[in-house]
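Here the structure is laid out as structure tokens; the discussion comes afterwards.
Letters A, B, ... mirror the listed sequences (proteins, then strands); counts begin at 1.
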2 protein chains.
Amino acid sequence: MATRTGEPPGEDPVSPTCDATSTRSDPARRLLAAADELFFRQGARATTVREITGACGLTPGALYNHFSSKEDLVYELVVHRHRRLDEEVTAAIELAGPDPGDRLSAMVSVFVLTHVRGRRGARVANREYRDLTAARLDEVVAIRRRLRDRLVEILLDGEAKGVFSLPGGKGRPAAVIAAAAILDMCVHGSEWLTEVGTFSLEELEAQYVTMARRLVSAPGVRPAGRRLRRSGRA
Amino acid sequence: MATRTGEPPGEDPVSPTCDATSTRSDPARRLLAAADELFFRQGARATTVREITGACGLTPGALYNHFSSKEDLVYELVVHRHRRLDEEVTAAIELAGPDPGDRLSAMVSVFVLTHVRGRRGARVANREYRDLTAARLDEVVAIRRRLRDRLVEILLDGEAKGVFSLPGGKGRPAAVIAAAAILDMCVHGSEWLTEVGTFSLEELEAQYVTMARRLVSAPGVRPAGRRLRRSGRA
DNA sequence: TATATCTATAAACGCTTGTTCAGGCAACGG
DNA sequence: CCGTTGCCTGAACAAGCGTTTATAGATATA
């Protein structure tokens with residue numbers, strides 16, 4: 001269990017400020033933290049219950065005093081991150097005010113900060129949610145779709161107000177593709193970080209905001225909105 | 001084995017024009033095709049040898065007359081797609097000529113066409129390569145890195161020639177992030193397609209090319225290069 | 001002190017996994 | 001014609017999986 005290369009050392013195993021973990025007993029938290037690290041490294045499917053409990057100095061059966069199943073553990077790790085991101089995006093958009101440009105910048109900022117600061121958690125959430133079953137899968141998929149749709153609405157609003165000039169022309173389908181492109185680059189960008197070298201959080205945030213705003217602005221036409229203002233740390 | 005929703009019906013199970021399959025015996029090809037479909041739907045790890053052979057009307061042991069292991073089967077499916085994409089990108093860049101803008105467009109076009117036309121194969125290649133081990137993993141990772149580096153070189157070249165104005169400023173690190181963003185949106189975009197609705201291949205290609213070129217062009221400054229060639233109706 | 005509640009263990013459960021192997025059937029070359 | 005080769009079956013393998021159970025030691029409440 002030595003420290004890993006390329007991982008921010010102080011990263012919260014499972015954000016301790018959240019109910020999902022703060023209300024948990026200590027062994028449960030340790031199990032979540034151990035599972036988180038193992039899932040990050042090997043994937044949830046390749047990680048055994050014996051590895052998780054063993055990392056906490058426990059025997060396999062002990063896990064079932066705290067979680068009803070292994071999938072339940074995955075679910076807690078995954079859904080918590082999704083709910084939190086959803087809340088942060090909602091708050092950031094609200095705080096950004098009515099201008100579509102500001103809202104786009106705010107949303108991108110939240111995504112970048114979340115995914116870069118919490119790289120381990122982000123990878124686990126984004127990779128392992130697919131293995132969930134039935135209602136649990138539906139819940140996570142619904143959150144993801146809602147996040148995307150919120151961005152689509154921002155883009156369509158900006159286009160209607162003449163602030164954006166979306167690639168692919170007017171209309172919802174083109175806006176969905178543009179939104180997917182923006183989200184994809186934010187969500188998956190953190191996976192490249194080990195190869196990028198040193199980069200401050202602020203630089204990354206600024207670059208991604210720039211890229212997102214370029215995506216929705218036609219070159220040769222100076223965008224109408226004000227310049228992007230620094231959205232406080234989400 | 002009913003036809004699946006959201007899947008192009010005529011998609012090649014494993015492109016028959018390639019050596020990897022054309023030199024293979026008929027049962028081997030059928031196994032590859034069955035595995036491809038199952039991997040696409042469930043992931044390779046969740047697919048059992050019994051499912052693959054059963055889909056071909058064979059018993060589990062029969063697989064080992066054609067492949068040395070299950071991983072070997074995954075490897076063939078995955079590495080073949082990577083090699084082919086690599087070749088196509090090389091050819092397209094060559095054919096595009098010296099202009100960085102044209103080269104960027106060409107590379108994006110290849111990525112979009114490959115990933116949209118061969119959605120099943122693209123998903124399998126992009127999702128399952130991580131489970132490979134040792135030399136096989138190294139080989140695929142090397143191809144992926146080479147693809148990205150080729151794009152980085154194009155971006156840096158364009159910036160040096162004054163054709164591009166990269167987000168995040170000058171220098172290689174910023175170029176790497178921009179390249180990663182472009183590749184991420186191309187690679188993962190095809191996963192959203194079922195929700196986008198009807199879209200012609202040409203429209204998709206044009207939109208992604210537009211998005212990529214916007215990413216490397218500062219708004220308010222008309223790009224120096226010629227307009228993008230063959231940018232069908234957008 | 002007695003009782004109830006947690007939490008852990010050790011062992012086993014039933015099941016599935018990828019893989020192997022002896023045997024048999026068909027096709028083909030000389 | 002025989003013998004070799006290629007492909008497949010049926011059965012089995014050992015290992016590993018997630019999970020359950022009986023039991024026991026703590027801890028806290030009364």
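With respect to the salt-bridge test (charged N to carboxylate O, under 4.0 angstrom), the residues A:R29 and A:D26 qualify. In summary, A:R41 and A:E51 do not engage in a salt bridge, as defined by a charged side-chain N under 4.0 Å from a carboxylate O. Using a 4.0 Å cut-off between charged nitrogen and carboxylate oxygen, A:R83 and A:E87 do not count as a salt-bridge pair.
The CG atom of A:L31 sits 15 Å away from the C1' atom of D:dT19 (whole-angstrom rounding). Distance B:F67 CZ to D:dC7 C1': 14 Å, rounded to the nearest Å. Here the P atom of nucleotide C:dT7 and the OH atom of A:Y64 are 17 Å apart, to the nearest Å. In this structure, CD1 of A:I52 is placed 10 Å from P of D:dT19, rounded to the nearest angstrom. Going from atom NZ of A:K70 over to atom P of D:dG18 covers 4 Å, rounded to whole Å. With rounding to whole Å, A:L58 atom CG is found 18 Å from C:dC6 atom P. Between the P atom of D:dG16 and the CZ atom of A:R45 lies a distance of 19 Å, rounded to the nearest Å. Put simply, CG on A:N65 is 7 Å from P on C:dT7, counting in whole angstrom units.
One axis for each end of the helix from C:dT1-D:dA30 to C:dG30-D:dC1, each built from five base pairs, and the angle between them comes to 10° at 10° resolution.
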Begin with the C-alpha distance, continue with both residues' side-chain angles, and end with the deciding distance and a verdict on salt bridge (Lys or Arg N to Asp or Glu O under 4.0 Å) for A:R117 and A:E205.
CA-CA 11 Å; A:R117 265 198 311 230; A:E205 183 193 359; over 6 Å; no
Output, in order, the C-alpha distance, side-chain angles, deciding distance and verdict of salt bridge (Lys or Arg N to Asp or Glu O under 4.0 Å) for B:D36 and B:R81.
CA-CA 12 Å; B:D36 204 33; B:R81 265 81 178 239; 2.9 Å; yes
Test B:R136 against B:E76 for salt bridge (Lys or Arg N to Asp or Glu O under 4.0 Å), laying out the working first.
CA-CA 10 Å; B:R136 288 165 165 154; B:E76 293 228 18; over 6 Å; no
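Considering only residues two or more places apart in sequence or on other chains, A:H188 meets the side chain to side chain contact (heavy atoms under 4.5 Å, CB included) condition with A:D184, B:D184, B:H188.
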Readout for nucleotides 21-28 of chain C: B = base within 4.0 Å of protein heavy atom, S = sugar-phosphate only, - = neither; 5' to 3' it is --------
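Among the atoms of the strands shown, only primed sugar atoms or phosphate atoms (P, OP1, OP2) are found under 4.0 Å from some heavy atom of B:T48. Across all strands shown, A:L63 has no heavy atoms under 4.0 Å from either base or sugar-phosphate atoms. Nucleic acid contact class of B:S68 (heavy atoms, under 4.0 Å, all strands): none.
If you check distances only, the side chain of A:R50 never reaches the base of D:dG16 with a donor-acceptor pair under 3.5 Å.
Atom CG of residue A:L32 and atom CZ of residue A:R30 lie 11.5 Å apart, to the nearest 0.5 angstrom.
In the set C:dT19, C:dT9, D:dC8, the nucleotide with an atom closest to the side chain of B:V49 is C:dT19.
Put simply, the residue from A:R103, A:R148, A:R172 that forms a side-chain contact (heavy atoms from CB on, under 4.5 Å) with A:E153 is A:R172.
Taking only side-chain nitrogens and oxygens, A:H66 never comes nearer than 4.0 Å to OP1 or OP2 of C:dC6.
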